[in-house]
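Read through the structure below, which is laid out as structure tokens, and then see the notes.
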Amino acid sequence: MRLGLALGYWGRGPDPRHLALAREAERLGYDSVWTAEAWGSDAFTALTWIAAHTSRIKLGTGIAQMAARTPTATAMHALTLDHLSGGRMLLGLGLSGPQVVEGWYGRPFPKSPLTATREYVDVIRQVLRREGPVVADGRFHAHPYRGADGTGLGKPLRSITHPLRAALPILLGAEGPKNIAQTTRIADGWLPLYWSPMRTGIHRASLADAPAGFLIAPLVRAVVCDDIAEGLLPVKAMLGFYIGGMGHAAHNFHADLMARMGFEAAARRVQELFLQGRKEEAVLAVPDAFADEISLVGPRERIAERLELWRAGPVTDLLVTAPDPDTLRVLAELTT
């Protein structure tokens, strides 16, 4: 099980710790470092900055949002950074949800998310393979564009730049069972948002046809500390925001996932409190048991014991959100 460092996206501004953490992770032997985006900083620019200050560690977007760019634009970002970094790029993609897609990007959320994802990945694969001009007769992604409001002058094009790697790895952030199953067919890996090593059975059917070498790379918050309850608070704050605020009351993928993991009543309560503006109560309503299952928090001995649960399952890469170099070092020592 390889280790990755997940830096997420910026808050109000750049986090001055991120570059130092990325360089320390590389020094400690971490395999990858990942950036993200929501509705502020973008994933590719920060990752390029890290690429310029490192030499070995792989560089992943975890995740880049599909609605932010056409698939050809995303492919351009990926092949450019792959060249600049000497072949270290890992392209992680996700659909996001209706509130972000329509509210921030000003685009309709696809009525068929599986089809939209499949078409998006197909176009990127065509760009990277560069076997010919990109041609796609898709419902959501057509190349050339054939809409009634077009000129009709669109020409199939092939990338001017020869991609460094035709098989640049593509990973997808998927939450629903059908989305996960499709991911095993069209992508090189899966980026689970919440992963409990105690409940791997809920994904067994979706992962049944995963090919050899398929990557499973969940995010996990890790912190070495004496006070477990205090260490879990950032996990609960994240969960409260995602489950309560990252989606509509009737359409929230994160809340639905928590429900499928056996915490339905708690998920709906967190949603209810958050949407009422009672955000602190929403965070406190997140069960400690759920937060603890999907994280690695506590003294070194406890983390070592719980880490064995993660090793025993199908996880290939553990993407660690860690607030300090000491926690990164402890995890590196425990996984060597």
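We're numbering straight along the sequence, starting at 1. Since the structure is predicted, the reported quantities are computational estimates derived from the model, not experimental observations.
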Task: Within-4.5 Å side-chain heavy-atom neighbours: R260 and P177 - done: yes
TODO: May I ask you to decide if H141's main-chain N or O and E119's side chain share a donor-acceptor pair within less than 3.5 Å?
DONE: yes
Task: Ion pair check, R329 and E333, cut-off under 4.0 Å - done: yes
Open item on the list: Has S295 got a side-chain atom pairing as donor or acceptor with V297's backbone, closer than 3.5 angstrom?
Closed with: no
Open item on the list: Has W190 got a side-chain atom pairing as donor or acceptor with A174's backbone, closer than 3.5 angstrom?
Closed with: yes
Task: D82 side chain vs L164 backbone, donor-acceptor pair below 3.5 Å - done: no
Task: Short side-chain donor-acceptor distance under 3.5 Å, R185 and Q182 - done: no
- [ ] Mind telling me whether F44 and H77 have parallel, tilted or perpendicular rings, with 30° and 60° as the class edges?
- [x] parallel
- [ ] Quick one: sort the F263 and F290 rings into parallel, tilted or perpendicular, breaks at 30° and 60°.
- [x] tilted
Task: Expected output: side-chain R306 to main-chain D292 donor-acceptor under 3.5 Å - done: yes
- [ ] Determine, for R302 against E305, whether the closest basic-nitrogen to carboxylate-oxygen distance falls under 4.0 angstrom.
- [x] no
- [ ] Begin from the C-alpha positions of Y105 and S96 and carry the test side-chain hydrogen bond (donor to acceptor under 3.5 Å, both in side chains) through to its verdict.
- [x] CA-CA 11 Å; Y105 294 113; S96 191; over 6 Å; no
TODO: Salt-bridge test for R17 and D324: reply yes if a basic N is under 4.0 Å from a carboxylate O, no otherwise.
DONE: no
Open item on the list: Would you say the rings of W10 and H18 are close, in the sense that their centroids are separated by under 6.0 Å?
Closed with: no
TODO: Kindly say whether E26 contributes a backbone atom to a donor-acceptor pair with the side chain of R56 at under 3.5 angstrom?
DONE: yes
TODO: For the residue pair H53 and R23, confirm or rule out a side-chain donor-acceptor distance under 3.5 Å.
DONE: no
Open item on the list: Looking at V330, is its backbone amide N or carbonyl O close enough to the side chain of R300 to form a donor-acceptor pair, meaning the two atoms are under 3.5 Å apart?
Closed with: no
- [ ] Kindly say whether Q65 contributes a backbone atom to a donor-acceptor pair with the side chain of E37 at under 3.5 angstrom?
- [x] yes
Open item on the list: Are more than 12 heavy atoms, taken from residues, nucleotides or ligands other than E102, located less than 6.0 Å from that residue's CD atom?
Closed with: yes
- [ ] Can you measure from NZ (K111) to CZ (R139) and round to the nearest 0.5 angstrom?
- [x] 8.0 Å
Open item on the list: For a side-chain contact (heavy atoms from CB on, under 4.5 Å) check, start with the C-alpha distance between V283 and F274, then their side-chain angles and the critical distance, and finish with the verdict.
Closed with: CA-CA 8 Å; V283 169; F274 198 96; over 6 Å; no
TODO: Determine whether more than 12 heavy atoms belonging to other residues, nucleotides or ligands lie under 6.0 Å from atom CZ of R204.
DONE: no
